[in-house]
Enquirer: 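I have a structure I would like to understand better, so I am pasting it below and will then ask my questions one at a time.
Order of listing sets the numbers, starting from 1, for every ligand and every atom in it.
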Amino acid sequence: MHDSLRGKVVVVTGAGRGIGRAIAERFAGAGSAVAANDIDPETAAGTAAAITDAGGTAMAAPADVSDSAQVAAMVDAVMAEHGRIDVLVNNAALISPMLHFLEADEAWWRRIVDVNLTGHFLVSHPIARIMAEQGGGAIINMSSGGATRAHRSFTAYDATKGGIEALTRAMALDLGPYNVRVNALVPGAIDTSGMTADERTHRGENVPLGRIGEPLDMTGAALFLASDDAGYITGETLRVDGGMLAQQRSATVDIVRPETFPAVEGL
Ligand code: NAP
């Protein structure tokens with residue numbers, strides 16, 4: 001799958017665990033050289049080591065994506081190692097803490113905006129310039145269902161994700177003439193925190209495909225959008241959510257419950 005990714009240099013932010021790690025490992029499996037970023041140098045190194053142990057090519061690229069000096073040093077390190085960057089996956093984000101809007105404070109708002117939205121800008125900007133000079137590249141931003149349907153106590157997070165979808169379209173317009181494509185992925189409910197069996201069942205009931213997502217579920221779409229197969233796709237927002245955003249009401253409160261659906265044998 002996606003032969004065009006062989007030999008490409010891919011930077012994945014927030015790759016120390018969760019969705020970012022799964023995406024980094026899948027790119028490495030497709031023959032790409034991966035720079036695994038994380039704010040935590042140990043988890044970044046852990047992802048890079050897992051990839052190299054499996055026979056792939058990877059380097060740890062630790063940096064706080066909200067700190068432009070750290071980002072510049074990270075980009076310099078990747079360029080010193082590989083001399084080019086073909087794909088950027090802006091995945092790093094703060095998902096917690098959750099705060100009710102009435103209990104929110106400025107420091108909470110600023111930190112989440114700094115990491116989730118400004119971080120996308122700070123990493124994308126130097127890398128887009130490198131891609132433009134090279135003659136092309138692909139950038140994938142990580143949105144959330146929160147961009148279009150709110151989560152309770154997630155005002156800052158949801159606002160950053162709406163911003164990321166707007167940023168994706170705006171970057172796609174500015175970077176299109178340089179053959180740099182910019183798209184966004186919208187994960188659904190992906191178990192990256194080690195949910196209990198009960199939580200997985202409960203969350204899965206509300207997904208039209210009937211199950212919670214795994215980090216691996218995000219990887220095929222990421223590789224596709226980065227590959228030459230997506231060469232005419234830019235400014236797009238692709239949901240990888242088991243159908244969650246397609247539904248009007250979640251299954252547990254819908255009038256027509258899934259357990260009343262016809263049995264396969266009766267069809
Ligand atoms: P996760 O497990 O919390 O992983 C996020 C990674 O980003 C962590 O390794 C974290 O490091 C790192 N990180 C945090 N702040 C950073 C910074 N300033 N600089 C560099 N790295 C930083 O999250 P996830 O569930 O895999 O989510 C990945 C992406 O998908 C996020 O953009 C998230 O908003 C989006 N998403 C996830 C879901 C879901 O259901 N999981 C749903 C919708 C959207 P530390 O852990 O060391 O802080």
Enquirer: Relative to ligand 1, is Thr43 under 4.0 angstrom through side chain, backbone, both or neither, heavy atoms considered?
Expert: neither
Enquirer: Could you tell me whether Asp198 and Arg200 have a side-chain N and a carboxylate O separated by less than 4.0 Å?
Expert: no
Enquirer: Does a sphere of radius 6.0 Å around CD in Glu106 hold more than 12 heavy atoms from other residues, nucleotides or ligands, not counting ones at 6.0 Å or beyond?
Expert: no
Enquirer: Checking a contact table here: which protein heavy atom is nearest atom 26 (O) of ligand 1, and how many Å away?
Expert: Ile19 N, 2.8 Å
Enquirer: Is it the side chain, the backbone, both or neither of Ile190 that has a heavy atom closer than 4.0 Å to ligand 1?
Expert: both
Enquirer: Under a 4.0 Å heavy-atom limit, does Ser193 contact ligand 1 with its side chain, its backbone, both, or neither?
Expert: neither
Enquirer: Answer with side chain, backbone, both or neither: which part of Ala189 has a heavy atom less than 4.0 angstrom from an atom of ligand 1?
Expert: backbone
Enquirer: Counting from 1, what ligand 1 atoms have a heavy atom of Met142 closer than 4.0 Å?
Expert: 29 (C), 30 (O), 32 (O), 35 (C)
Enquirer: Applying a 4.0 Å heavy-atom criterion (strictly less than), which segment of Ile95 is in contact with ligand 1: side chain, backbone, both, or neither?
Expert: side chain
Enquirer: Is the contact between Lys161 and ligand 1 made by the side chain, the backbone, both, or neither, using heavy atoms and a 4.0 Å cut-off?
Expert: side chain
Enquirer: Regarding Glu25 and Arg21, does a basic nitrogen lie under 4.0 Å from an acidic carboxylate oxygen?
Expert: yes
Enquirer: In terms of side-chain geometry, is the basic nitrogen of Arg6 or Asp228 positioned less than 4.0 Å from the acidic oxygen of its partner?
Expert: no
Enquirer: Tell me which one of Ile23, Val89, Ile39 gets a heavy atom nearest to atom 21 (N) of ligand 1.
Expert: Ile39
Enquirer: Quick one: look at Pro215 and ligand 1, take heavy-atom pairs under 4.0 Å, and tell me if it's side chain, backbone, both or neither.
Expert: neither
